[in-house]
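Some notes on the structure that comes next.
Just so we're on the same page: letters track the sequence lines, and every chain starts at 1.
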Amino acid sequence: MSAHQHAEGQLPHEPERATLEGRNKVLGFWIFLGAEVVLFGTLFSAFVALRHQVLDGPHASELFELPMVFAATMILLTSSLMSVFAVQAMHRNKVKALIGWLFVTIILGLSFLGLEIYEFNNYVAEGHRMNTSAFSSSFYTLVGFHGAHVAFGVLWISLLIAQMFKKGLTVVTAPKIYLSMIYWHFIDVVWVFIFTVVYLMGKVG
Amino acid sequence: MDWLTTVDHKKIGILYLLAGFIFFLVGGLEAILIRIQLMKPMNDFVAADTFNELITMHGTTMIFLAAMPMLFALMNAVIPLQIGARDVAFPFLNALGFWTFFFGGLLLNISWFAGQVPDAGWTSYVPLAGPTYNGTHGVDYYVIGLQIAGIGTLLGGINFMATIINMRAPGMSFMRMPMFTWAIFITSVLIVFAFPVLTVGLVALMFDRLFQANFFEVGGGGNTVLWEHVFWVFGHPEVYILILPAFGVISEVVATFSRKRLFGYSSMVFALVLIAFLGFMVWAHHMFTTGLGPVANALFSIGTMLIAVPTGVKIFNWLFTLWGGSIRFTTANLFAIGFIPTFVLGGVTGVMLASAPADYQYHDSYFVVAHFHYVIVGGLILGIFAGLHYWWPKMFGRMLNEGLGKLTFWTFFIGFHLTFFVQHFLGLLGMPRRVWTYLPNQGFDTLNLISSIGAFLMGIGTIVFVLNVIITWAKPRNAAADAWEDGRSLEWTIPSPPPEYNFKQTPLVRGIDAWWKEKTEGNTAMTPAEPLGPIHMPSPSILPFIMSVGLFIAGFGFMYAHHWLAAGGILVTFVCMFFRSVYDDHGFHIDPEEEVQA
Amino acid sequence: MKRILPLLAGMALLLSACGRSDLSALDPQGPIAQRQYDLMKISISIMTLVVVVVFAICIYVLIKFRRRKGDKTIPKQVEGNHKLEIIWTVVPLILLLILGVPTIQSVFGMAKDYSKDKDAIQVKVTSHLYWWEFEYPQLGVTTAQELVVPTGKKISFELVSADVKHSFWIPSIGGKMDTNPGMSNRMYLEFPKEGVYRGKCAELCGPSHALMDFKAKSVSPASFDKWVAAMKAPAVMPADAHIAETFRSKCLACHAVGDQGTNGAPNLTGIGGRQTVAGILYNSDVVKDPQSEDKTVEENLKTWITNPQKVKPGNQMPSAADNQLTQDEIDGIAKYLAGYKLDY
Amino acid sequence: MASNHSASEEQTRRHKVEGPQKHIVAFVLSLALTIIAFAAVAAGDINTNFTYFILVLMAIIQVFVQLAFWMHMKDRGHLFPIICIIAGVFVVCAMIITALFWVWW
Ligand code: HEA
Ligand code: HEA
Ligand SMILES: [Cu+2]
């Protein structure tokens with residue numbers, strides 16, 4: 001594959017798609033996200049089926065604190081925007097800016113995680129544990145799965161930042177950056193449904 | 001060592017075949033024990049709880065550890081060759097997929113040695129499989145073993161989808177792909193969208209069992225019907241995951257041995273897509289007696305019946321491929337031709353089951369056992385045997401012995417019908433399935449005896465196949481490139497077995513049945529689509545193996561609540577992922593011209 | 001031909017031997033089973049048609065188009081045939097329509113709810129590991145293992161499980177419905193003829209799933225009323241005071257007879273007249289067609305009381321040893337229970 | 001097919017790098033949608049079903065916005081990603097409907 005040379009640097013215009021490996025990765029990752037849609041969808045349906053089974057534990061409308069959820073939502077949304085800027089920086093072949101945006105992204109991701117952990121702690125203190133009721137089990141599993149995805153994303157992006165320092169932007173590293181950004185957006189999209197279905201609808205009753 | 005680190009799809013295919021076949025023998029042995037126990041009324045050959053362990057492990061092993069891996073074996077061995085590719089899209093993931101499947105299966109079967117074996121049926125219905133009524137670690141082995149093996153399957157699905165989309169040789173448009181490739185493509189789609197459902201179900205069951213969650217615990221507000229839904233939303237597409245590749249094999253074998261192109265190619269493709277689509281909307285036909293109410297039962301009845309139409313299209317297209325052809329009765333073709341009527345028998349009993357009010361009588365009786373063994377053994381297993389005999393020369397460079405092959409066919413085929421035909425009647429006469437024994441004088445005795453005798457015949461057939469393989473092994477590797485002379489697709493243009501890089505030069509595909517087209521135009525080779533040059537190959541890696549071992553260890557850690565062990569296992573896996581990300585695999589190059597001289 | 005033969009043999013089998021009339025789904029004894037059998041007949045006819053067509057084409061093709069030795073000719077490469085393809089899409093659709101219409105009618109027909117019907121007999125079925133409890137809420141009666149119903153009436157069932165899933169199935173009368181823990185299901189059946197029908201558990205529920213049989217006995221409405229009265233009559237206790245005391249303290253802790261005891265384990269009222277002990281030990285002095293291995297009620301009771309695990313592995317009843325029953329006590333209780341028959 | 005097809009795609013690809021404006025618009029849109037959703041709940045006294053309706057609508061619009069702009073689904077060459085996501089959503093819808101209607105009946 002003759003790489004198309006871009007005016008500003010040595011890299012082709014969309015370095016993530018410059019090689020067959022890169023294109024395979026992008027496609028494969030999308031397929032993986034299709035599978036993830038089903039994964040989260042199943043968790044959602046379990047949650048929807050069990051959401052009223054609270055037994056003696058607190059009900060969703062008593063439990064959730066909207067301001068905190070709102071803050072978490074804003075943080076994640078903003079981090080998504082940051083990751084868009086990261087990809088744009090990559091397309092301009094500006095490694096420094098790229099690293100900067102990635103850095104902001106994971107900082108926001110970490111704050112989101114921190115908030116979530118704090119939130120879970122509060123809930124447990126109020127007697128809402130994994131084994132309290134079917135509602136609590138499905139709540140922690142669904143939101144926890146999302147949290148685990150965020151945590152994985154943070155680890156992954158940190159690793160990529162390290163690689164950026166060491167290897168710079170190449171046709172090998174570019175697809176990785178691109179994928180991690182798609183992944184990050186995906187997490188954000190899932191969160192849209194979580195705050196809608198779990199928190200807001202739970203609050204409505 | 002070479003085999004532990006390989007990322008070559010051909011070798012991985014052989015690994016899948018070996019492991020899958022061994023699990024097939026294990027599952028078959030379990031089946032034989034089941035049949036011995038049921039040979040006569042009130043038999044006490046095995047104890048009641050052992051029997052439940054046997055059926056559970058038989059069903060689980062056969063479906064997840066025997067049938068699917070053997071299909072993956074064929075996929076790996078054939079797909080890249082059929083589409084003119086040097087390898088799959090993700091060779092590393094391919095190896096990882098194999099090893100996670102292998103260690104997942106190993107973990108599941110270690111339960112026999114731990115003495116705590118899953119015993120709630122392959123469907124693991126709660127609460128029987130839940131912590132309250134199943135206090136031992138038996139079902140934990142099921143949950144964790146399948147979870148690990150499931151990762152492998154999902155990776156395989158993603159891999160083959162990407163491979164088929166991105167790696168086709170120049171000129172091979174979607175509508176020029178061989179039918180087997182199409183079948184695998186659709187199968188992969190089904191895997192990608194069905195397996196995550198199982199993953200979540202298993203996670204929920206695992207949380208219930210290990211962390212006192214309440215998904216399915218009625219006392220905690222959980223719901224047992226939810227498990228049934230989750231299991232079957234996965235479970236029904238799963239049966240098409242099993243049968244579609246067999247459909248693909250039959251399409252290839254029948255066309256080759258009748259020297260005719262596949263009849264109605266585009267309708268075959270359309271039928272595949274339709275089956276896959278409908279396959280996701282009929283799961284509740286396994287739950288007609290759960291009590292979902294008449295509306296659900298009516299809708300799912302009709303939906304299920306509709307699947308008969310695209311399946312029928314395939315059946316008749318095969319028959320009309322044979323029609324007017326010049327049919328050669330090789331072993332592979334015998335299996336394929338045996339497949340067609342047998343599968344139809346199984347399919348039509350499926351449509352009978354789909355009629356909900358009648359299913360109130362059939363459900364969980366031996367009629368269902370007869371149905372699914374007709375479609376699975378009479379469909380899928382015959383299909384796998386057809387595929388193995390057909391592609392054996394391509395995989396190993398040696399032709400299987402035809403005489404022994406035919407003996408395998410006849411013993412297995414007759415044994416099969418003996419075993420399972422009578423089971424229809426057993427079910428209608430009132431024999432429930434999953435019973436470890438039955439009282440005499442209920443009209444079950446003779447039929448069960450016949451059934452057991454048939455199972456022994458199938459056992460003999462299998463043993464003959466093993467003999468055939470061993471004998472063939474001692475023969476020289478002399479299979480021709482186009483081993484059956486009438487090959488139609490790209491895999492028959494390269495040596496048997498193919499070199500590491502498959503194609504010296506990527507071929508240019510000029511039509512459907514690419515190789516056949518060249519042959520009829522008098523060409524002896526494909527037109528290359530690229531100049532001869534060094535070929536890039538991925539380097540072998542031990543990481544997939546180690547990652548799977550990590551998961552295997554973590555599985556035990558979770559099960560026996562050794563949290564440091566679980567964490568350690570997961571850590572091993574993550575560290576491997578870290579290395580994989582940090583150290584770029586630059587691969588190596590092979591120069592085919594040098595190879596020729598060397 | 002090899003494939004046709006077993007099919008024909010099977011057909012012959014189907015027509016001649018339909019199994020036991022109190023068990024087989026092929027010999028319906030009630031309208032629900034009859035309706036299901038009718039559906040089976042429609043579907044089997046359709047399927048036979050399909051199978052015959054496929055087999056005919058298959059055999060014709062295999063005979064006509066086999067390759068002769070050394071034949072090198074290349075057959076015509078046919079792409080397809082739209083007319084044919086339309087035929088084999090449309091004809092199956094029509095066949096499915098023929099099956100689909102009665103299917104839907106029956107689905108809704110069988111789902112009719114008689115729970116509010118004053119004329120219907122209400123029965124609440126509760127499944128346990130591994131026995132069946134039948135409660136008649138209208139009548140204030142509870143029995144176990146042997147369901148007793150009047151002929152000619154709709155029997156409206158409410159089904160629920162006390163532990164794991166089971167499934168309630170009386171093949172010759174109609175079936176079946178799962179019993180789920182925590183949720184109840186409904187269905188109804190009718191028993192036009194008097195008789196005793198075999199019922200089965202059809203959902204894997206543990207080691208003794210295979211042995212979780214029950215009986216459904218239909219009697220005339222007059223007998224049924226007598227039976228209800230007899231069930232409600234005060235319990236007949238053992239004559240021997242020591243046996244009575246043992247029975248009360250050991251057995252009635254879980255079981256019930258008449259107005260005594262609790263319903264945590266099968267109700268024993270009138271057990272001496274039931275066809276089986278524990279659902280599977282046939283009583284040669286009660287059933288019409290005893291087998292050589294069948295024993296009398298009293299013998300069966302002794303076997304059961306002494307070591308229930310041996311008969312039904314995994315069941316919840318303690319053995320005589322656990323209950324600290326002496327041989328005399330076992331004999332006494334067995335004798336008493338064997339003589340406990342209801343007159344109806 | 002895959003390789004030579006993309007080679008031609010490579011040549012016809014736009015050379016200009018897109019600016020951030022579009023994404024900021026998308027961001028603001030997302031913010032607005034989120035705030036509407038939260039406000040609808042915080043307001044509290046609207047009819048429950050209507051609130052549900054607003055919530056679901058906002059979520060769906062937001063997902064489209066994000067998929068289209070941030071995950072580049074509107075760009076060329078994203079046919080398979082679109083199919084993947086739609087297929088996933090299809091399976092999920094079937095299950096959610098089941099969860100709503102048939103698990104507790
Ligand atoms: C490879 C696996 C496989 C395949 C392909 C199928 C195919 C089908 N299955 Fe089967 N099935 C299983 C594996 C499979 N099944 C298993 C494992 C179980 C039990 C699981 C368990 O409980 O443990 C099961 C159970 C099962 C049930 C539940 C029974 C019960 O538990 O009560 C039902 C009910 O509808 C059903 C229906 C069907 C139908 C309609 C098809 C159709 O796809 C068949 C279509 C094919 C044809 C119809 C033949 C060809 C068509 C023609 C020649 C055209 C003309 C035909 C007509 C007009 C009829 N199956
Ligand atoms: C791919 C799937 C598959 C396959 C291939 C088979 C193959 C066979 N099955 Fe299986 N079966 C299932 C899937 C499958 N089954 C499932 C899903 C269930 C339901 C489980 C449940 O209820 O949960 C089931 C249940 C099931 C039952 C019902 C149990 C019950 O409900 O109580 C029976 C009974 O006859 C049976 C028999 C057989 C037989 C005789 C074979 C034969 O075809 C097997 C032929 C193979 C051999 C005979 C191998 C011979 C090998 C040797 C003899 C050598 C052994 C040597 C060594 C190991 C060194 N099976
Ligand atoms: Cu199914």
Side-chain angles (χ1 to χ4, degrees), chain A residues 19-57 129-142 144-145 152 155-156 159-160 162-163 166-167 170-173 176 180, chain B residues 85-86 88-91 93 154-155 157-163 165-167 188-189 191-201 203-204 206-208 211-223 225-227 229-230 233-234 280 536 538 574 577-578 581-587:
Chain A
T19 59
L20 179 61
E21 280 79 25
R23 280 195 304 278
N24 278 346
K25 276 191 184 159
V26 174
L27 176 68
F29 199 77
W30 273 103
I31 298 172
F32 169 72
L33 288 188
E36 289 262 79
V37 170
V38 179
L39 186 108
F40 276 106
T42 315
L43 286 167
F44 269 109
S45 22
F47 175 81
V48 167
L50 300 175
R51 68 193 185 285
H52 296 308
Q53 305 301 312
V54 290
L55 296 187
D56 306 330
R129 297 162 204 281
M130 183 71 163
N131 55 7
T132 305
S133 63
F135 163 64
S136 72
S137 302
S138 55
F139 168 80
Y140 280 119
T141 310
L142 170 58
F145 248 71
F152 182 83
L155 283 180
W156 185 14
L159 188 65
L160 291 183
Q163 293 194 26
K166 228 182 101 201
K167 302 179 190 161
T170 66
V171 286
V172 179
T173 48
K176 296 185 188 177
S180 66
Chain B
R86 298 239 159 81
V88 292
F90 310 108
L93 285 190
L154 185 60
L155 289 178
I158 295 176
N159 200 347
F160 277 92
M161 240 178 115
T163 304
I165 295 175
N166 262 3
M167 309 277 285
S188 307
V189 174
I191 290 177
V192 167
F193 294 110
F195 263 76
V197 181
L198 177 68
T199 305
V200 171
V203 164
M206 174 173 146
F207 282 8
D208 271 13
F211 311 127
Q212 292 83 46
N214 288 309
F215 283 98
F216 311 121
E217 287 298 294
V218 177
N223 189 308
V225 179
L226 182 65
W227 167 264
H229 279 297
V230 170
V233 168
F234 148 77
F280 271 105
H536 179 246
F574 270 91
M577 281 164 85
F578 173 81
S581 178
V582 172
Y583 293 104
D584 295 331
D585 169 20
H586 294 298

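- One finds the CE atom of Met577(B) at 10.0 Å from the CG atom of Leu159(A) (value rounded to the nearest 0.5 Å).
- Leu226(B) contributes atom CG, which lies 9.0 Å from atom OG of Ser138(A) (distance to the nearest 0.5 angstrom).
- Within the 4.5 angstrom heavy-atom criterion, only side-chain atoms of Val203(B), from C-beta onward, approach chain A.
- Remark: Leu20(A) CG to His536(B) NE2 distance equals 11.0 Å, nearest 0.5 Å.
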Problem set entry | Test side chain to side chain contact (heavy atoms under 4.5 Å, CB included) applied to Lys166(A) and Val582(B), step by step | CA-CA 10 Å; Lys166(A) 228 182 101 201; Val582(B) 172; 4.3 Å; yes
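- Looking at Phe90(B), the atoms closer than 4.5 Å to chain A (heavy atoms on both sides) all sit in the side chain, from C-beta outward.
- Most heavy-atom pairs under 4.5 Å with chain A, from the set Asn214(B), Val233(B), Val200(B): that is Asn214(B).
- Looking only at side-chain heavy atoms (C-beta outward), Asn131(A) and Phe211(B) stay at 4.5 Å or farther from each other.
- Without hydrogens or angle criteria, Ser137(A) side chain to Ala213(B) main chain gives no donor-acceptor distance under 3.5 Å.
- For Thr132(A), the part sitting under 4.5 Å from any heavy atom of chain B is the backbone (N, CA, C, O) and nothing else.
- Interface remark: Phe574(B) contributes side-chain atoms only to the contact with chain A (heavy atom separation under 4.5 Å).
- Contact annotation for Leu198(B): neither backbone nor side-chain heavy atoms come within less than 4.5 Å of a heavy atom of chain A.
- How far CG of Leu39(A) is from CZ of Phe193(B): 12.5 Å, rounded to the nearest 0.5 Å.
- Residues Ser581(B) and Gln163(A) share a closest heavy-atom pair of OG-NE2, 2.7 Å.
- For the options Asn24(A), Val38(A), Thr42(A), heavy-atom pairs under 4.5 Å to chain B are most numerous at Asn24(A).
- Residue Tyr140(A) does not touch chain B at all, counting heavy-atom pairs closer than 4.5 Å.
- Note: Glu36(A) CD to Thr199(B) OG1 = 10.0 Å, rounded to the nearest 0.5 Å.
- Between the CD1 atom in Ile158(B) and the CH2 atom in Trp30(A) there is a gap of 14.0 Å [rounded to 0.5 Å].
- Contact of Phe152(A) with chain B is made through the side chain alone, with heavy-atom distances under 4.5 Å.
- The parts of Lys25(A) that come within reach of chain B are both its backbone and its side chain, each placing non-hydrogen atoms under 4.5 angstrom from that chain.
- Contact count versus chain A (heavy atoms, under 4.5 Å) is highest, among Leu154(B), Val189(B), Val197(B), Leu93(B), for Val197(B).
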Problem set entry | Stepwise side chain to side chain contact (heavy atoms under 4.5 Å, CB included) test for Thr141(A) and Phe207(B) | CA-CA 9 Å; Thr141(A) 310; Phe207(B) 282 8; 3.6 Å; yes
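- For the set Pro196(B), Ser188(B), Ala194(B), the entry with the most heavy-atom pairs within less than 4.5 Å of chain A is Pro196(B).
- By number of non-hydrogen pairs under 4.5 angstrom with chain A, the leading residue of Gly219(B), Gly201(B), Ala204(B), Ala162(B) is Ala162(B).
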